Amino acid sequence: MSDTENTLQVRVWRGGEDGKFQAFAVPRREHQTVLDVVTYIQRELDPTLAYRFACRVGMCGSCGMTVNGRPRWTCRTHVDTATGGSDVLELEPLRSLPVIRDLATDMTPFFEKWQKAQGRATGTRSRADDTHRVDPASPRRQAADAAIECINCGVCYAACDVVASDPDYLGPAALNRAWTLVNDDREGDRKGVLAAATAGGGCHSCHSHGSCTEHCPVELNPSAGVAGLKRLSLLAMVGGKV
Amino acid sequence: MPLPAILFLAQRASALVLAPLVLIHLGLAIYAIHGGLTAAEILSRTQGSLGWSLFYGLFVAAAAVHAPIGLRNVLREWLGWKGVGVNVVLAAFGVLLLLLGFRAVSALTGV
Ligand code: SF4
Ligand code: SF4
Ligand code: FES
């Protein structure tokens, strides 16, 4: 094999919002992940490259980047999958988030919206109380379970066109979290969560085009959760029990 | 009740009303053109008709609810125009649609 066949042409975003691409040549390896490529560049070619990762096994949600135009978790994405067989890899920070530098984004707005959607549990019991018993087979628990394994990676947020065009929109991840809470029997303020998720910038801004669901690396369905919140808000409006 | 939820419901409900009315309206238009009906012949059938007044009156009301809400979303998302201003202008737009529409209906039916 010639040299070029063993080499990946990588274009990496450098700098802040007004940065530009820098080209690197990285040796191809079998089963190479996109994060492997980034790490190689940082260790072997340019130690000033800024990026973020922690677990490398798809648990922590910190390695999100735009890979060949698509938001992805980079530690679990093989180069072959991302390039579709070509030898060109283009890496940018996740869309719709402020760029700190190079491939590292500032996740603050993402987590602030999480709070704005009241995406946090409100307890009802103390340690003196008995354990809250939840029937795992109940439809609401099943709905919550189907949405609960979010790793906060922000990939769906970057994939959402409404987030891109409407800075107030809370986004799929925060609303998906709200959806798990309104389905959680242990949640002490389900009305409050629903109100927060329904207010301006909430679930009714969603266009249901499903880009979040298409891109979520752990195969959650935030789009369905947002639709569920819309349904519940209408039920609440006509006086139904939430 | 949060405004987004009310608007969401109003837009869906008005769409539900509009869907069959639009189909009937289109059918009518095709029928009138194919039948070669003149304006005078059409008017002779609609003048004084309570049925057509109600049909197109409902049409106008549903459109006046539906269109401004959609336009509001477009303005908010594409031009980033938010706050009270956009609501006031689009409420006025809805009223305008209602007035112009009812004027047209009354010209058509004389009711
Ligand atoms: S379905 Fe809704 S939340 Fe998901 S990407 Fe589309 S607009 Fe965003
Ligand atoms: S819903 Fe999926 S894509 Fe969105 S933050 Fe959670 S794990 Fe990431
Ligand atoms: S490094 Fe933790 S999910 Fe990728």
Side-chain angles (χ1 to χ4, degrees), chain A residues 95-96 109 113 116-118 157 159-172 174-175 178-179 182 189-209 211-212 223-242, chain B residues 1-26 54 57-98 101:
Chain A
R95 185 170 75 138
S96 299
K113 287 179 179 178
K116 219 172 151 206
Q118 206 176 314
Y157 187 84
C160 175
D161 284 342
V162 177
V163 167
S165 64
D166 180 354
D168 291 342
Y169 181 43
L170 299 175
L175 291 172
W179 171 243
V182 295
D189 187 21
R190 286 162 53 205
K191 277 214 169 78
V193 175
L194 186 62
T198 312
C203 60
H204 293 292
S205 297
C206 165
H207 288 206
S208 309
H209 60 27
S211 190
C212 49
S223 183
V226 181
L229 287 169
K230 291 182 187 174
R231 217 164 42 235
L232 278 187
S233 87
L234 295 188
L235 274 180
M237 203 157 51
V238 296
K241 209 168 122 34
V242 174
Chain B
M1 260 188 275
L3 182 63
I6 296 171
L7 294 180
F8 182 84
L9 180 61
Q11 200 182 24
R12 267 69 189 171
S14 57
L16 218 61
V17 174
L18 275 172
L21 299 188
V22 166
L23 288 179
I24 296 172
H25 173 70
L26 285 177
L54 289 177
L58 187 63
F59 198 127
V60 165
V65 170
H66 192 79
I69 301 175
L71 207 55
R72 177 178 180 269
N73 288 341
V74 173
L75 289 175
R76 287 168 60 93
E77 282 173 27
W78 288 74
L79 302 183
W81 189 21
K82 298 188 179 176
V84 187
V86 70
N87 293 349
V88 171
V89 167
L90 286 163
F93 177 62
V95 172
L96 184 74
L97 283 183
L98 211 56

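The structure presented is a predicted model; accordingly, all values stated were derived computationally and were not measured. Convention: sequence-line order gives letters A, B, ...; per-chain numbering from 1.
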| message | Between F59(B) and V17(B), is there a side-chain heavy-atom distance shorter than 4.5 Å? | response | no
| task | Find the distance between CG (L98(B)) and CZ (F93(B)) and round it off to the nearest 0.5 Å. | result | 11.5 Å
| field | Residue pair P20(B) / L16(B): nearest heavy atoms and the distance that separates them | value | CD-O, 3.1 Å
| request: Please tell me if the side chains of V89(B) and L75(B) come closer than 4.5 Å, counting only heavy atoms from C-beta onward. | output: no
| query | Which one of G80(B), P4(B), P2(B) has the most heavy-atom pairs closer than 4.5 Å to chain A? | reply | P4(B)
| request: Please state whether the side chain, the backbone, both or neither of L9(B) comes within less than 4.5 Å of a heavy atom of chain A. | output: both
Tabulate, with distances rounded to 0.1 Å, every donor-acceptor pair spanning chain B and chain A at under 3.5 Å.
unit_1	atom_1	unit_2	atom_2	d
D166(A)	OD1	K82(B)	NZ	2.3
D168(A)	OD2	K82(B)	NZ	3.1
H207(A)	NE2	E77(B)	OE1	3.0
H207(A)	NE2	E77(B)	OE2	2.9

| message | Using side-chain heavy atoms (C-beta onward) and a distance below 4.5 Å, is C212(A) in contact with S223(A)? | response | yes
| request: Could you tell me which portion of L7(B) (side chain, backbone, both or neither) has an atom closer than 4.5 angstrom to a non-hydrogen atom of chain A? | output: neither
| field | Value rounded to 0.5 Å, distance of CG in L26(B) from CG in L21(B) | value | 11.0 Å
| remark: In terms of heavy-atom contacts, G94(B) and P68(B) come closest through CA-CG, 3.6 Å
